[in-house]
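Working notes, structure below.
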Amino acid sequence: MKEEIKKVIEETGFPIVQDEKSGAAQWVDMRELRLSYIISVENIKPFYEGLKEGKLLGTKCKKCGRLFFPPQKDCPSCFDSDIEWVELKNEGTLETMTVVFVRPPSFGMYDPYPVAIAKLDDGPKILAWYKGDPQQAKPGMRVKVQVCKRKEGYVMYEIAPA
Amino acid sequence: MSENVAVIGVGHSKFGTRKDVNIAELCWESMRPAFETANLEPKDIDFFVVSNAGMWSSEAAVPALIAEYADLAPKGSMRVEAACASGSAAIRIGYTAVKSGMADIVLVLGVEKMQESPNPNVIELIGRFGSYFWEFENFGLTFPAYYALHGTAYMMKYGATEEDYARVAVKNHYYGAKNPYAQFQREIDIETVMKSPYIAWPFKLFDCSPITDGSACAILASEEKVKELGIDEKIWILGQGVGTGTANLSRRESYTSLASATYAAEQAYKMAGIDMDDPTKYLDGANVHDCFTAPEIIAYEDLRFCKRGEGYKLIREEQTYIGGKIPVNIDGGLKAKGHPIGATGVSQAVEAYKQLLQKAEPGRQADINKGRWLAHNVGGTGHYTYVTIYGLEKR
Ligand SMILES: [Zn+2]
């Protein structure tokens, strides 16, 4: 693309091309922005320490016992931030699923991936990739949450048949 | 303070792939007819709101851009974003501005130019409308996939089929073919849908609304202004409800309903004086947020057009065609008319105006006996829902 545009500029004086379908003139933006965020996980560090050991951790309000997954450091019921990290039961039941065929470009290195939502026996629900045959998957079936290694090299959790 | 707020002028651009215009030109395409139907000029506007999700398009300061292009400077303005419900959020801002007395005449403009970016980038950006960190970053959810999780749950719970979903697309294309502003003006059959490639199971290409460029415009006015200007052709905003859902789908109770939608519907019905147990008795028709086929069926239930678990029967029995229990999306819906994110909610208001005033194109005019029209506009996957009731008679 870049080379093509260079050629167009050389030939016509501007980065202006004709739209393939309509023939309408289009200015091809010369400015490109690549987005990649830096996101704080300072307050959920134990989650990643747990994952490394194969455990799925959530947070629990010490005052009212409310369980949070994804973990959060503040309990809005109690206006309290006195939380503890607890290991969640890694088993539950399948709620629903899909298979993502058309992937975002940033997931282009992966084959179509099944995604499931499961309800853990402890109560919280979890969404993750499903490792198993999606055609055999039915709501209500028993599933487990396990740790897996991603192509990028880091560990993550996934849902699989129990 | 204005007791009632009216829509006194509307405009709609051609929806589709609009490589022939830039953003400001696309805006003017709907602003001009809105001014003309209201018989007003830019100088008459007290305040204007622009709904635009942006990201895929180059210009971010759209209110300033159109202030310049359409002589609206130095009037006050605001850009609002509520994902795919941005247009209804803009209507809410306009409505509250007039209702509070802060403005007498407000221009509401919805615009989106999604095709300034390549399709894969747009697919990526829309997928980020949920919980970015927990559901996108590691699991690559896309917009169709979020709704597919609901589509699957609904099929499994109630026994609906992929063919039932296809029937929604067939209906909406049937009416899109009669709407000169629609992106797709051609009819399709169930087989077309069933044979199209999977995007996110159970959704195939023809279960999905397209990537669209377009704009829509509505001019709102106070009751006093309506009198002062002697406006005959107008509709009233009888009620509006809005709800918000959790960012993470994993924090939701149900995947066969959108909690934000049931919440918004109850508010809107209450405000408009509609019996929640039988709302179709009060409505001549509705526009619901059919970004995919299954969510149209779920919307029937969230809006109480039928009992839970019976939405798919409504479409199977063609009860949401003209002549049925309640005509739905007879402008083609998001599916065939197109879904320019920020413009969709305003486009629904334009459709309410056209239907209630019997200005819809041949073959897609509903019978108007009850004088009320409903618009249901969802942002993200129930992350936000607006339900708005429009009527010929003020409350
Ligand atoms: Zn607490």
Side-chain angles (χ1 to χ4, degrees), chain A residues 1 18-27 29 31 33 35 37 39-41 44 68-72 94-108 110 112-120 124-130 134-135 137-140 150 152 154 156-159, chain B residues 17-22 55 58 115-128 130-157 197-205 208 247-256:
Chain A
M1 189 68 184
Q18 271 193 337
D19 175 52
E20 272 176 37
K21 273 190 191 154
S22 65
Q26 312 291 309
W27 177 282
D29 194 354
R31 315 299 150 213
L33 175 66
L35 282 176
Y37 305 105
I39 302 161
S40 176
V41 290
I44 55 165
F68 295 97
F69 190 86
Q72 62 183 63
L94 186 81
E95 290 245 328
T96 187
M97 70 177 315
T98 181
V99 183
V100 183
F101 286 93
V102 176
R103 282 99 65 208
S106 63
F107 282 82
Y110 287 100
Y113 39 86
V115 177
I117 298 177
K119 186 174 172 64
L120 301 175
K125 292 180 186 178
I126 185 167
L127 177 149
W129 281 1
Y130 180 78
Q135 302 209 348
K138 286 265 153 21
R150 283 304 187 79
E152 295 92 338
Y154 63 91
M156 195 33 65
Y157 50 90
E158 65 183 11
I159 298 171
Chain B
T17 301
R18 298 300 308 273
K19 301 275 186 185
D20 56 322
V21 285
N22 67 24
M55 304 182 293
S58 53
Q115 302 207 23
E116 279 194 0
S117 288
N119 279 9
N121 288 11
V122 176
I123 289 163
E124 169 116 18
L125 289 167
I126 308 188
R128 297 174 170 214
S131 163
Y132 180 84
F133 188 68
W134 290 98
E135 297 189 344
F136 183 84
E137 172 74 5
N138 294 306
F139 306 120
L141 267 286
T142 58
F143 188 35
Y146 274 120
Y147 269 108
L149 287 165
H150 290 75
T152 311
Y154 187 91
M155 288 197 307
M156 302 291 187
K157 185 166 179 185
Y198 277 108
I199 302 294
W201 177 79
F203 295 152
K204 296 160 287 294
L205 181 66
C208 305
N248 278 288
L249 256 60
S250 67
R251 291 278 187 104
R252 306 270 177 95
E253 271 302 310
S254 159
Y255 303 102
T256 52

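Sequence lines set the chain letters: A, B, ... in the order given, protein chains first and strands last, and positions in each chain run from 1. Nothing here was measured: the structure is a model prediction, and the numbers come from that model.
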Can you tell me which portion of A/Arg150 sits under 4.5 Å from chain B's heavy atoms? Options are side chain, backbone, both or neither.
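Side chain only.
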Please classify the contact between A/Tyr157 and chain B as side chain, backbone, both or neither, with a heavy-atom cut-off of under 4.5 Å.
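Both parts, backbone and side chain.
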Does either side chain, that of B/Asn138 or that of A/Tyr154, offer a donor lying less than 3.5 Å from an acceptor on the other one?
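Checked: B/Asn138/A/Tyr154 side chains pair up, N/O donor to acceptor below 3.5 Å.
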Under 4.5 Å, counting heavy-atom pairs only, tell me which of A/Ser22, A/Ala24, A/Ala128 racks up the most with chain B.
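Option with the top pair count is A/Ala128.
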Which of A/Pro114, A/Gly23, A/Pro139 touches chain B most, by non-hydrogen pairs under 4.5 Å:
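Highest number of pairs under 4.5 Å: A/Pro139.
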For residues B/Ser250 and A/Lys125, report the shortest heavy-atom separation together with the two atoms involved.
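Taking B/Ser250 first and A/Lys125 second, the nearest heavy atoms are O-CB, 3.0 Å.
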A/Met97 and B/Thr152: which non-hydrogen atoms are nearest, and at how many Å?
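Here A/Met97 and B/Thr152 meet closest at O-OG1, 2.6 Å.
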Is there a donor-acceptor pair under 3.5 Å between the side chain of [X] and the backbone N or O of [Y]?
X: B/Arg251; Y: A/Phe68; value: no
X: B/Tyr255; Y: A/Ile117; value: no
X: A/Arg103; Y: B/Leu141; value: no

With rounding to the nearest 0.5 Å, note down the distance linking [atom1] in [X] to [atom2] in [Y].
X: A/Ser106; Y: B/Asn121; atom1: OG; atom2: CG; result: 10.0 Å
X: B/Phe203; Y: A/Phe101; atom1: CZ; atom2: CZ; result: 13.5 Å
X: B/Lys157; Y: A/Glu95; atom1: NZ; atom2: CD; result: 10.0 Å

Are side-chain heavy atoms of A/Pro104 and B/Phe136 found at a separation under 4.5 Å?
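They are in side-chain contact.
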Any side-chain heavy atom of A/Val102 within less than 4.5 Å of one from B/Thr142?
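Side chain of A/Val102 against side chain of B/Thr142, heavy atoms only: no contact under 4.5 Å found.
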Centroid-centroid distance, B/Phe139 to A/Tyr130, less than 6.0 Å
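Between B/Phe139 and A/Tyr130, the centre distance exceeds or equals 6.0 Å.
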Between [X] and chain A, which part of the residue has a heavy atom less than 4.5 Å away: side chain, backbone, both or neither?
X: B/Glu253; result: backbone
X: B/Glu116; result: neither
X: B/Leu149; result: both
X: B/Arg252; result: backbone

Contact winner vs chain A - B/Ala153, B/Pro144, B/Gly140, heavy-atom pairs under 4.5 Å
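Looking at each option in turn, the highest pair count goes to B/Gly140.
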